[in-house]
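In the text below, chain A, chain B and the rest are named by the order of the sequence lines, each starting its count at 1. Scope of the values below: all heavy atoms of this structure, side chains included, with no hydrogens, waters or symmetry mates.
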Amino acid sequence: MGQTILLVDDALYMRTVLKKILAAQGFDILEAANGAEAVASCLENNPDLVLMDITMPEMDGIAATKAICEAAPDAKIVICSALGQQQMVVEATTAGASDYITKPFQPDEVLAAVQRNLAA
Amino acid sequence: MRAEFFEPFVEGSFRVLREVLSAEPERGPLSLRSGKTFTTQELTTLIGVNGDVEGVVLFAMSFNSALKIASQMMGDVVTEFDEMAASAINELGNMITGNATTALEQNGFECDITPPSLIQGIGNQITTTTPALLVPVSTRYGDIEMNLALAESAKSRARAA
């Protein structure tokens with residue numbers, strides 16, 4: 001069975017692009033459209049890695065990262081956001097994220113971040 | 001509007017458009033809208049900015065431009081403006097605004113942004129808190145009119161005083 005990645009982004013377009021990149025590498029993909037859905041999916045499915053947007057309705061990616069890491073301290077969460085502010089990176093890593101990539105990204109950047117964090 | 005507020009948006013839009021469309025954008029002449037009313041085009045993505053700089057950013061374009069831009073973003077021919085195409089156009093605005101606010105932080109202004117909203121239909125009037133600076137950007141896939149209705153927040157001004 002392949003490793004499972006949970007894609008969390010309110011943009012259907014972005015989830016579709018990421019799914020195409022990662023499914024082609026053999027990963028099983030789960031999707032969530034906001035932070036609350038991501039927390040529920042993590043508790044239910046225990047994915048190997050989470051790719052998490054920040055700016056989302058209902059619950060943002062920072063709050064979701066914090067909630068997931070409190071429930072599952074070993075969770076591997078890579079932030080994938082259009083926001084690259086230093087302050088945001090600090091908040092994300094404090095919440096428990098292990099890596100941070102900014103949009104727009106090249107497919108290679110995503111794959112490198114996924115492989116780096118799965119190997120850690 | 002202060003140059004240090006709009007320059008990050010021009011640079012951010014160029015950076016994002018180059019990357020996602022693989023096309024060289026061009027900027028048209030800047031103009032300041034008179035009054036605080038913005039009238040929508042066929043498609044308008046609205047993103048709120050809050051923090052040291054406050055207001056809204058509106059990305060307006062025609063359906064024709066949106067279909068061509070969405071096609072290029074998705075690597076597939078898009079003939080219908082469906083949920084996926086709408087999501088791609090909103091995400092383009094999100095990436096430009098996200099990149100711009102990252103640059104604003106480097107200039108000393110910390111900001112956050114809201115998820116994008118898409119308004120469809122010509123002639124809807126949106127009242128902004130400050131007159132918008134109109135920044136026309138063209139690409140070979142279509143034209144985007146970036147409207148920046150942004151001002152430094154009272155909190156930021158008080159801190160600087």
Got a donor-acceptor contact below 3.5 angstrom from the Gln85(A) side chain to the Cys111(B) backbone? yes

Ignoring hydrogens and geometry, is there a side-chain-to-backbone donor-acceptor pair from Glu110(B) to Gln87(A) under 3.5 Å? no

Would you compute the distance between atom [atom1] of [X] and atom [atom2] of [Y] and round it to the nearest 0.5 angstrom?
{"X": "Thr102(A)", "Y": "Asn99(B)", "atom1": "OG1", "atom2": "CG", "answer": "7.0 Å"}
{"X": "Met73(B)", "Y": "Tyr13(A)", "atom1": "CE", "atom2": "OH", "answer": "3.5 Å"}
{"X": "Glu83(B)", "Y": "Leu12(A)", "atom1": "CD", "atom2": "CG", "answer": "5.0 Å"}

Among the options Pro57(A), Ser81(A), Ala11(A), Ala82(A), pick out the one with the most heavy-atom pairs lying under 4.5 Å from chain B. Ala82(A)

What I'd like to find out is whether the side chain of [X] reaches to under 4.5 Å of the side chain of [Y], using heavy atoms alone.
{"X": "Asn94(B)", "Y": "Lys103(A)", "answer": "yes"}
{"X": "Gln86(A)", "Y": "Gln106(B)", "answer": "no"}
{"X": "Glu19(B)", "Y": "Gln106(A)", "answer": "yes"}
{"X": "Asp60(A)", "Y": "Pro115(B)", "answer": "no"}

Would [X] end up clustered with [Y] when hydrophobic side chains under 4.5 Å apart are linked, directly or stepwise?
{"X": "Ile119(B)", "Y": "Leu134(B)", "answer": "no"}
{"X": "Phe63(B)", "Y": "Val77(B)", "answer": "no"}
{"X": "Val56(B)", "Y": "Ile47(B)", "answer": "no"}
{"X": "Ile79(A)", "Y": "Val17(A)", "answer": "yes"}
{"X": "Ile101(A)", "Y": "Ile29(A)", "answer": "yes"}

Hey, is NZ on Lys66(A) packed in by over 12 heavy atoms from elsewhere, all under 6.0 Å? no

Given a strict heavy-atom distance threshold of 4.5 Å, which part of [X] is in contact with chain A: side chain, backbone, both, or neither?
{"X": "Val20(B)", "value": "side chain"}
{"X": "Thr114(B)", "value": "backbone"}
{"X": "Asn90(B)", "value": "neither"}

With side-chain contact (heavy atoms from CB on, under 4.5 Å) as the test, would you mind laying out the steps for Leu83(A) and Thr101(B) before giving the verdict? CA-CA 7 Å; Leu83(A) 301 170; Thr101(B) 51; 3.5 Å; yes

Partner chain A: residue of Gly98(B), Ala70(B), Ala103(B) with the largest heavy-atom pair count (under 4.5 Å): Gly98(B)

